[in-house]
Amino acid sequence: MEDITIRRAKAVDLPEVTKLWKEMMDYHLSLDIRFSLAPGNDEAYLEYLHSILENYDYSIFVAESKTAQRLAGYAIVMILSNPPIFSLPRYGFIAEMAVTESLQREGVGKRLWEHVRRWFHRRGTTVIQLNVSPLNKKGYNFWKKVGCTEFLHIMWHDIPKNP
C-alpha cells in the first residue's frame with residue numbers, strides 16, 4: 001500500500017485513533033462479552049492517549065492513508081521491565097494494533113508491524129510480546145504470519161456471587 005505513511009501520532013490524531021480503537025473494541029465485543037466497556041469509555045481512552053503521548057518508553061504510531069485522507073490504523077507500543085529475577089531485563093510490548101476493517105488485508109498491518117519492530121530494535125529491545133484473543137482468528141493469524149509464537153495463555157475465572 002504505497003499511499004500509507006507510518007508516523008508518530010500527534011495530539012490532533014488522538015480523536016481519530018479513539019474512533020479506530022472503538023471499531024476494534026466493537027469487533028472484540030462481537031467475539032466475547034468480556035470486552036464490554038464502561039460508560040464514558042471514549043473520553044477515558046482519549047485521556048489515556050494524551051497521558052502516554054510524550055512518554056519516552058511509549059509510542060503511538062498511526063498509519064495515514066493519503067488517498068483516503070484518514071488514519072488507516074494505529075499501534076500503541078511500550079517498553080516494559082521484567083523483575084530482576086529474569087535474565088531479560090526489558091522487552092517490547094504491543095498494547096494495541098488495529099487497522100480499520102475497510103483497509104484490512106491491504107498491507108497496512110504489515111507496514112505498522114515493520115515500523116514498530118524497528119522502533120523496538122532502535123531502543124535495544126530484543127523481544128516483543130503482545131496479547132491476542134483466541135477468538136480473534138484474524139488477529140491471531142496475522143501475528144503468526146509475521147513470526148510471533150505462543151508464549152503464555154491468559155486465563156479467566158468468574159468468581160460466583162456465593163463462593
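Note that the numbering runs from 1 along the sequence shown for the chain. Both backbone and side-chain heavy atoms feed into the values below; hydrogens, waters and symmetry mates do not.
Under the 4.5 Å side-chain heavy-atom criterion for Ile, Leu, Val, Met, Phe, Trp and Tyr, Leu71 and Leu14 are members of the same hydrophobic cluster. By the rule that hydrophobic residues join a cluster once side-chain heavy atoms approach within less than 4.5 Å of another member, Leu49 and Met78 end up as members of one cluster. Residues Phe120 and Leu112 share a hydrophobic cluster, clusters being chains of Ile/Leu/Val/Met/Phe/Trp/Tyr side chains in contact below 4.5 Å. Hydrophobic clustering places Tyr58 together with Phe93 (ILVMFWY residues linked when any side-chain heavy atoms are closer than 4.5 Å, directly or through intermediates). Hydrophobic clustering, with ILVMFWY side chains joined whenever heavy atoms are under 4.5 angstrom apart, groups Ile128 together with Val146.
The two residues Val108 and Ala72 make their nearest non-hydrogen contact at CG1-CB, 4.1 Å. Of all the heavy atoms in Val62 and Ala9, the pair that sits closest is CG1-CB, 3.9 Å. Looking at every heavy atom in both residues, Pro134 comes nearest to Lys137 through O-NZ, 3.0 Å. Closest of all the heavy-atom pairs between Glu101 and Glu23 is N-OE2, 2.6 Å.
Within 6.0 Å of atom CD in Gln129, more than 12 heavy atoms from other residues, nucleotides or ligands are found, so the atom counts as buried in its surroundings. For CZ of Arg105, the number of neighbouring non-hydrogen atoms (other residues, nucleotides, ligands) closer than 6.0 Å is 12 at most. At most 12 non-hydrogen atoms from other residues, nucleotides or ligands lie less than 6.0 angstrom from NZ of Lys145. For Ile85, the CD1 atom is densely surrounded, since the number of other residues' heavy atoms within 6.0 Å is greater than 12. Within a 6.0 Å radius of NE2 in His50, more than 12 heavy atoms belonging to other residues, nucleotides or ligands are found. For CD1 of Ile154, the number of neighbouring non-hydrogen atoms (other residues, nucleotides, ligands) closer than 6.0 Å is 12 at most.
Of the possible polar contacts, none joining the Thr18 side chain to the Asp42 backbone as a donor-acceptor pair under 3.5 Å is found. Within the 3.5 Å criterion, the main-chain N or O of Ile4 finds a donor-acceptor partner in the side chain of Arg111. Checked by atom type and distance alone, the side chain of Asn41 pairs as donor or acceptor with a backbone atom of Ala38 at under 3.5 Å.
Using bins of under 30°, 30° to 60° and over 60° for the plane-to-plane angle, the ring pair Phe61/His115 lands in the perpendicular bin.
A heavy-atom distance below 4.5 Å is found between the side chains of Leu80 and Tyr91. A 4.5 Å side-chain heavy-atom check between Thr100 and Lys19 finds every atom pair outside the cut-off. Proximity of Met24 to Leu20: side-chain heavy atoms (C-beta onward) are nowhere separated by under 4.5 Å.
With rounding to the nearest 0.5 Å, the separation of CH2 in Trp21 from CG in Leu37 is 4.5 Å. One finds the OH atom of Tyr27 at 11.5 Å from the CG atom of Asp32 (value rounded to the nearest 0.5 Å). A distance of 12.0 Å separates NE2 of His28 from CZ of Arg34, quoted to the nearest 0.5 Å.
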> Going through the checks in order, is the side chain to side chain contact (heavy atoms under 4.5 Å, CB included) test met by Ile94 and Trp143?
Replying inline: CA-CA 11 Å; Ile94 300 174; Trp143 293 118; 3.8 Å; yes
>> Determine whether Phe142 and Asn136 satisfy the following criterion, side chain to side chain contact (heavy atoms under 4.5 Å, CB included), listing intermediate values before the conclusion.
In response: CA-CA 10 Å; Phe142 171 81; Asn136 180 358; over 6 Å; no
> Can you check side chain to side chain contact (heavy atoms under 4.5 Å, CB included) on Phe151 and Thr149, steps first, answer last?
Replying inline: CA-CA 6 Å; Phe151 170 55; Thr149 59; 5.9 Å; no
>> Run the side chain to side chain contact (heavy atoms under 4.5 Å, CB included) test on Asp13 and Glu64 for me, step by step, so that the C-alpha distance in whole Å, both residues' side-chain angles and the decisive distance to 0.1 Å come before the verdict.
In response: CA-CA 10 Å; Asp13 298 317; Glu64 183 176 36; 5.6 Å; no
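Under the 4.0 Å criterion applied to side-chain N and carboxylate O atoms, Lys110 and Glu114 are assigned as salt-bridge partners. Arg70 and Glu16 are not joined by a salt bridge, as no carboxylate oxygen comes within less than 4.0 angstrom of a charged side-chain nitrogen.
Exactly one of Ile76, Leu53, Val77, Val116 qualifies for a side-chain contact (heavy atoms from CB on, under 4.5 Å) with Ser59. That residue is Val77.
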